[in-house]
Amino acid sequence: MQYWLMKSEPDEFSFDDLEAKGKKGEMWDGVRNYQARNFMRDMRVGDQVFFYHSNTTPPGIVGIAEIAKMAYPDPTQFDPEDDHFDAKSTTDNPRWDVVDVRFVRRFAHKLPLSDLKDDAALDDMYLTRKGNRLSVMPVEKDEWEHILDLSEHADG
DNA sequence: GCCAACGTTGGC
DNA sequence: GCCAACGTTGGC
């Protein structure tokens, strides 16, 4: 099993929205970055995911989700009406994939990005590296466990 | 609202 | 294949 972190702007799709979707979860559409897509193709059902809220005050991890369905073609890339339409993608050779993600549990408190940045044990995380803009990224097992530990002590 | 960082596009 | 221009992300 692997660990991941996925970012969402709560104005677009929040952790509350995911919880409301229940066991079936929700399709994680709209990823248009090759590196993020490649990570999604490595995801397996049951992999654990930190759910991160970006463009909020403060940004941070709000809880845990899990992969409910492996990668498959993103239907929004074929829809000319959709913001994520990609004219260069074909059904024969789709460029973009989605996975399904479902709610697992909420942290008692949001764990803010500043706490993660301040922690030397997390210096090598994708998330805390300067200039990182990936919306989907892997998390190492030791980082995962360290963050879980932090989440029990955060007061954000 | 600003801007640094980064990915993509397209002219050459 | 280089690289300038442009668009986007996302913290602050």
Please state whether the rings of A:F15 and A:F103 are parallel, tilted or perpendicular, taking 30° and 60° as the class boundaries.
->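 If you compare the ring of A:F15 with that of A:F103, the planes turn out tilted.
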How do A:N132 and A:R95 order along DNA chain B: which one's closest nucleotide is nearer the 5' end?
->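 Counting from the 5' end, the first nearest nucleotide belongs to A:N132.
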d([atom1], [X]; [atom2], [N]) in whole Å:
X: A:D86; N: B:dG7; atom1: CG; atom2: P; answer: 18 Å
X: A:W96; N: B:dT8; atom1: CH2; atom2: C1'; answer: 10 Å
X: A:N55; N: C:dG11; atom1: CG; atom2: P; answer: 6 Å
X: A:Q35; N: C:dT9; atom1: CD; atom2: P; answer: 15 Å
X: A:H84; N: C:dG7; atom1: NE2; atom2: P; answer: 18 Å
X: A:R133; N: B:dC6; atom1: CZ; atom2: C1'; answer: 4 Å
X: A:D118; N: C:dC12; atom1: CG; atom2: P; answer: 10 Å
X: A:K7; N: C:dG10; atom1: NZ; atom2: C1'; answer: 7 Å

Supply the atom-to-atom distance A:R41 CZ to A:R44 CZ, rounded to the nearest 0.5 angstrom.
->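 Between atom CZ of A:R41 and atom CZ of A:R44 there are 11.5 Å.
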Kindly point out which of C:dG11, B:dC6, C:dG10 is positioned nearest to the side chain of A:S135?
->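 Out of C:dG11, B:dC6, C:dG10, the nucleotide with an atom closest to A:S135's side chain is C:dG10.
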Of the listed nucleotides B:dG7, B:dG10, C:dG11, the one nearest the side chain of A:K88 |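 The answer is B:dG10, which lies nearest to the side chain.
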Is [X] close enough to [N] that one of its side-chain N or O atoms is under 4.0 Å from OP1 or OP2 there?
X: A:Y52; N: C:dT9; answer: no
X: A:K117; N: C:dC12; answer: yes
X: A:K130; N: B:dA5; answer: yes

If you look at every heavy atom in A:M137 and A:N132, which pair is closest and at what distance?
->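 Nearest heavy atoms, A:M137 then A:N132: CE-ND2, 3.5 Å.
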Qualifying residue for side chain to side chain contact (heavy atoms under 4.5 Å, CB included) with A:F51, from A:L18, A:I64, A:I61 |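 That would be A:L18.
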Looking at A:E26 and A:R102, does any basic side-chain N land under 4.0 Å from a carboxylate oxygen?
->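 Salt bridge between A:E26 and A:R102, a charged N being under 4.0 Å from a carboxylate O: no.
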